[in-house]
Amino acid sequence: MPGSGAADGAADVELLHRAATGDKDAFGVVFERYQHVVYRFARAMTGSSDAAEDITQEVFVVLIRDLRRYTPERATLSTYLYGIARNLSRHRLRRERRLLACLSGLSCVSESYAADPFDGMADAEARDDVRRVLGGLPVRYREVVILCDLHELSYADVAAILRISIGAVRSRLHRARQLLRQRLTRSAASTRRPLARSSVRWSV
Amino acid sequence: MSDSDVDSAWRAFADADARVGAPDRIRHAVMAAWDGPREVRGAVRSRHRDVVRAALAVAATMAITVAWFHFRDSHAPVRDADVAVSRSARPPSVGADDEPDRVATVAHPEPVRSSPRVVRRAPRVLRDVISAETPLTGGSAPLVALTGERALAAEPLQLVRVRVPRTSLRAFGVALIDPDASGLVDVDLVVGSDGLPRDIRRVRPVVDVRDQSMESP
């Protein structure tokens, strides 16, 4: 995770201090460092690339506005940015529940298939299944599984972002994984096709 | 379905997600916000706030209008002979299909007294007032477009319920069959992001409880 280490954290503080005095380059470094994680998080939360772009943009506009108000003693920059992105994502989901409908239509069209086209198709279908099931999880489970399993943050970091205890993170993650597994299995069974590439070879 | 299948599907998803990068246009927009924070921040901030502000502005305008009409009505001299409360004489008014309210009309014109007694109307006691927090339901009437332009599909719109005097409906271009019709009516306005109403529909007239109590002892 970027910015989680002590050195990175110190660099963030220094960069933000310079940015607060008007150093555009310093802010650019901060932006380059965190834009992708914020975008990925927002995209996974909302299931929409457009919404993720808006949220990412808004997160950094908030950072520009609150550069002087950010206090590194309270949270690392990554936790701070994740927290803003989480609030904006939840707000957006509440406001536009129709975005959930976009989940099924979202796919990574830029990816090229593997050497075996059937393998590539199976992988794409499996990813779409996971994306759809993830988007159908309740938000409190979705955010914890995205942060822990997709972004591979520590329990402590996730607890700080979500403002809950580490024990609550553990229990939510356990429940989220259970739900994810159940629904993935059910989804694959309903479509009568295997989930992964290895299974394709067995079924052909 | 084995656990390994689920795990491999999750891994495929996680790998694909890890390769996702933010588009360059985000960088351009954010850096533009850095260069001109005030202007660009205004452009990129949530449109929701704009809509809420516009709706509040419209609601405030409507409230001031209603207050002004109330003030004018309560201070206007009224001759007793000219006003008679009638249940039967129910003049047709805007969309009056099933109105339960009563309207003050001229039932039996009488000669005007030489020294008409000027009375002040007591403040209206309005009950059954719909709270502003209640969901906007009950508007079964179709929306009527107020402008000739078709609303953009992507335009954020806000539905605002306001209580206005019947006479003020003229300002929205609604033709009043009875120009002297009094009383209040609840209408729904579809307000655009610029604060201007796009569509209107009538919800229900407001029952004046004071008139009701005067009529049925």
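Predicted, not measured: the structure shown is a model, and the values here were computed from it.
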Within the structure provided, determine whether [X] and [Y] are in side-chain contact (heavy-atom separation under 4.5 Å).
{"X": "A:K24", "Y": "B:D35", "result": "yes"}
{"X": "A:E32", "Y": "B:R27", "result": "yes"}
{"X": "A:F27", "Y": "B:V30", "result": "yes"}

Please flag which part of A:I55 lies under 4.5 Å from any non-hydrogen atom of chain B: side chain, backbone, both or neither.
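Neither part.
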
Looking only at atom types and distance, does a side-chain atom of A:H36 sit under 3.5 Å from a main-chain N or O of B:A22, one as donor and one as acceptor?
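It does hold such a pair.
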
Has A:R40 got a side-chain atom pairing as donor or acceptor with B:D17's backbone, closer than 3.5 angstrom?
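Answer holds: yes.
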
What pair of heavy atoms forms the shortest contact from [X] to [Y], and how long is it?
{"X": "A:R127", "Y": "B:A12", "answer": "CD-O, 3.3 Å"}
{"X": "B:P23", "Y": "A:Q35", "answer": "O-OE1, 4.5 Å"}
{"X": "A:V61", "Y": "B:A33", "answer": "CG2-CB, 3.9 Å"}

Could you measure the distance from the [atom1] atom of [X] to the [atom2] atom of [Y]? Nearest 0.5 Å is fine.
{"X": "A:L63", "Y": "B:W34", "atom1": "CG", "atom2": "CH2", "result": "8.5 Å"}
{"X": "B:I26", "Y": "A:F60", "atom1": "CD1", "atom2": "CZ", "result": "9.0 Å"}
{"X": "B:W10", "Y": "A:L184", "atom1": "CH2", "atom2": "CG", "result": "8.5 Å"}

Working for side-chain contact (heavy atoms from CB on, under 4.5 Å), residues A:D128 and B:F13:
CA-CA 8 Å; A:D128 285 344; B:F13 174 72; over 6 Å; no

Most heavy-atom pairs under 4.5 angstrom with chain B, which of A:A42, A:A52, A:A19?
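Going by pairs under 4.5 Å, I would pick A:A19.
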
Between B:R11 and A:D149, does any side-chain N to carboxylate O distance fall below 4.0 Å?
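Judged by the 4.0 Å cut-off on N to carboxylate O distance, B:R11 and A:D149 do not form a salt bridge.
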
Pair B:D7-A:R181, side-chain contact (heavy atoms from CB on, under 4.5 Å): steps then yes or no
CA-CA 9 Å; B:D7 290 340; A:R181 192 171 294 275; 3.1 Å; yes

